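Here's the structure we're looking at; comments come further down.
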Amino acid sequence: MNYFGYLRDIVKNEIEAATGCGELPTGLDLGALAVTQPPEVAHADAASNAALVLARQAKQAPREIAALLAERLARHPDIVAATTAGPGFINLRLSDAFWRDRLREVLAAGVRYGDSRLGGGAEVNVEYVSANPTGPLHVGHGRGAVFGDALAALLEKAGYAVTREYYINDAGEQMRVLADSLFHRYREAMGEQPGPVPERSYPGEYLIPVAAKIAEESRAPGGTDWRTKKREEWREFFANRGVAEMMDAIKADLGALGIRHDTFFSERDLQRPDHDTSEVAETVKQLMRQGDIYTGVLAPPKGMTVDDWEPRQQALFRATRFGDDIDRPLQKSSGEWTYFASDIAYHRDKFRRGFRTMIDVWGADHGGYVKRMKAAVAAITGGQGDLDVKICQLVNVLKDGQPVRMSKRAGDFIALRAVVDEVGKDVVRFIMLTRRNDAPLDFDLARVVEQSRENPVFYVQYAHARACSVRRHAREAFPDLDLGPTALPAADLTLLADADEIGLIKRLAYWPELVESAAVAHEPHRITFYLHDVAAAFHALWNKGTGDAALRFIVAEQRSLTLARLALVVGVASVVASGLAVIGVTPLEELR
RNA sequence: GCGCCCUUAGCUCAGGUGGAUAGAGCAACAGCCUUCUAAGCUGUGGGUCGCAGGUUCGAGUCCUGCAGGGCGCACCA
């Protein structure tokens, strides 16, 4: 249960009851009515803005309305206090019995606690990673991968039907470059000395084993020596083979992070069967019919020199009509469609597959592309489709505070796989979500494997392991104690009377609200912050037992009390596990 | 030059879509171990939310301008 939603319904009922009694006028708009977390100083469990929302409509002073509603709300069995504060807030305090019921709910639901029907099964497409199939993934891709995957899981938990998608950029100039680079390595593998890798190519050493494999096939009986073939022929082969091999490598990198997409969508498929009948061509025709395309000449960017600028007549999309700054070209001078044209067709295809809500996760270097893509989605869906683009900022890889340079040549990108192998997938996944997506992230390889509270991964894992440890010790202290999923909710929870114990339950009970609000905001990072918060509250409670043995979870000779406290401990482990499940991190039962 | 993102405690960052006296952690200082894991906890100090205006009952949050940092800027994807 999201208790804020529950309380909102109660407040709403009281407003309607008051209306029935003539205390408030009829026809009130309750759209903005909310029940939220109050500031700490309020010392309350929930706060409603009801009176502030209604004041103008009802033509009454907000504090008057607040007093009127507070009096009614105070009679509700779950509410022990309803007070007015500030300009007209209503602060609510809930009964301990209400909170104990929430703990029972946690225990009954297990890791499914927090599951929501908010999304109502609506289809959402989350496209993430979509790295060019020209080489292995680097750490920056890893951030997008983790972010997208966690967001997808979060949306599923919130009741959406999510499709995880990867867009393969397997068309255009870069495929020729890939083919040529691979062919060069192939000639080396066949014993030639073609010299240094050509300019405008991918010098990466990861192509060498692929070329060696192809060379081996060439030498085998019946094999083809591609050097004897025409350029068009070997280019097609090496492009196709290169993409296939690179996608295998990328999928392996993602697999090491526990990430698997539902759909791999090929850009090339959008350009088939040919230039004039492909889905890209159909998309352009649609925009043409709508009057969103014209032929014109683009002005060079101001205040910036472009070396080989030449005015060119070309097909332009009227992006400015949909909020972009300039109109955007759809066709290259060669006659080929631009990447942007393909991308419009791609999003049109998503929409036609039934996705009104589309989320794209992009790297920082694509920030300048957002406006035109949103403009295109608005145009191509007649305003019916909604695109949210999440930009993931750069990841700075450090070791003990010093920047790391791992690759020996060509580029300063650090391979994702190297980092996953060094610190583990769980650490990578967690750390990638310890910052908002639009803020740069420092990833210190040394710190994230430390066993100290400065390491958030450890801190949260430790809370889970500690809870499991307590459960193990309880079994030793009371060998016949039933800690199963039916026995724990049946425990006498009135023995949980300490304010910190109830306080911890309140944090656990916040999980459903966190899931829903994080899902709506498309912000999975909130999960890690929440888990850190739960862990801190649990560690604090644990430590109260160091000074006072009566406050420990396991109290010898006090079976019922121990059982009640174990219910809380198991509840903590359960909610932590539930949160970790969303971000794809395995909860640990012990850390030794 | 233009666009997008960022600017919150000495440092690293939260801040639940406009609410109340802006919160954590680190660092500093003062405490807590014959313990269910001290791999942790408790307390204290620390802020003109980059600057200046505006919108309204109310702004860290929305709008405008300015400053600083990052990313990007036809015929790559």
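Given the structure is predicted, the values throughout are model-derived calculations rather than measurements. Sequence lines set the chain letters: A, B, ... in the order given, protein chains first and strands last, and positions in each chain run from 1.
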Could you give the CG-to-P distance, from L591(A) to U37(B), as a whole number of Å? 11 Å
Rounded to whole Å, how long is the line connecting atom CZ of F89(A) with atom P of G18(B)? 13 Å
Report which part of the nucleic acid I391(A) touches: base, sugar-phosphate, or nothing (heavy-atom distance under 4.0 Å, all strands). nothing
Name the nucleic acid region contacted by Y530(A), choosing base, sugar-phosphate or nothing; use a 4.0 angstrom heavy-atom cut-off, strictly under. nothing
By a 5.5 angstrom centroid cut-off and a 30 degree plane limit, is there stacking between W542(A) and G40(B)? no
Side chain of P39(A) only, heavy atoms from C-beta on: which candidate in A20(B), A14(B), U37(B) is closest? A20(B)
Taking only N and O in the side chain of H532(A), is any of them less than 4.0 Å away from OP1 or OP2 of A14(B)? no
For A85(A), answer base if it contacts any base atom (sugar-phosphate contacts may also be present), sugar-phosphate if it contacts only those atoms, and nothing otherwise; contact means non-hydrogen atoms under 4.0 Å. base
Reckon R526(A) touches a base, only the sugar-phosphate, or nothing at all at heavy-atom distances under 4.0 Å? sugar-phosphate
May I ask you to verify if any side-chain N or O of K371(A) is less than 4.0 angstrom from the OP1 or OP2 atom of C4(B)? yes
F529(A) CZ - A14(B) C1' separation (whole Å): 5 Å
Is R466(A) touching bases, backbone alone, or none of the nucleic acid, heavy atoms closer than 4.0 Å? sugar-phosphate
Take the protein atom CZ of R63(A) and the nucleotide atom C1' of G19(B), then report the distance between them rounded to whole Å. 14 Å
So A47(A), base contact, sugar-phosphate only, or nothing? Heavy-atom distance under 4.0 Å. base
Calculate the interatomic distance between F553(A) atom CZ and U37(B) atom P; express it in whole Å. 11 Å
Nucleotide C13(B), atom P - distance to CG of D438(A) in whole Å: 12 Å
Protein-proximity profile, nucleotides 68-77 of chain B, B/S/- by nucleotide at the 4.0 Å heavy-atom cutoff, equals ---SSBBBSB
Taken to the nearest whole Å, CD/E523(A) to C1'/G16(B) is 9 Å
How close or far is atom P of C13(B) from atom CG of N437(A), stated in whole angstroms? 14 Å
With respect to the side chain of R436(A), which nucleotide from U37(B), U17(B), A14(B) is positioned closest? A14(B)
Which part of the nucleic acid, if any, lies within reach of N91(A) when heavy atoms closer than 4.0 Å are counted: base, sugar-phosphate only, or nothing? base
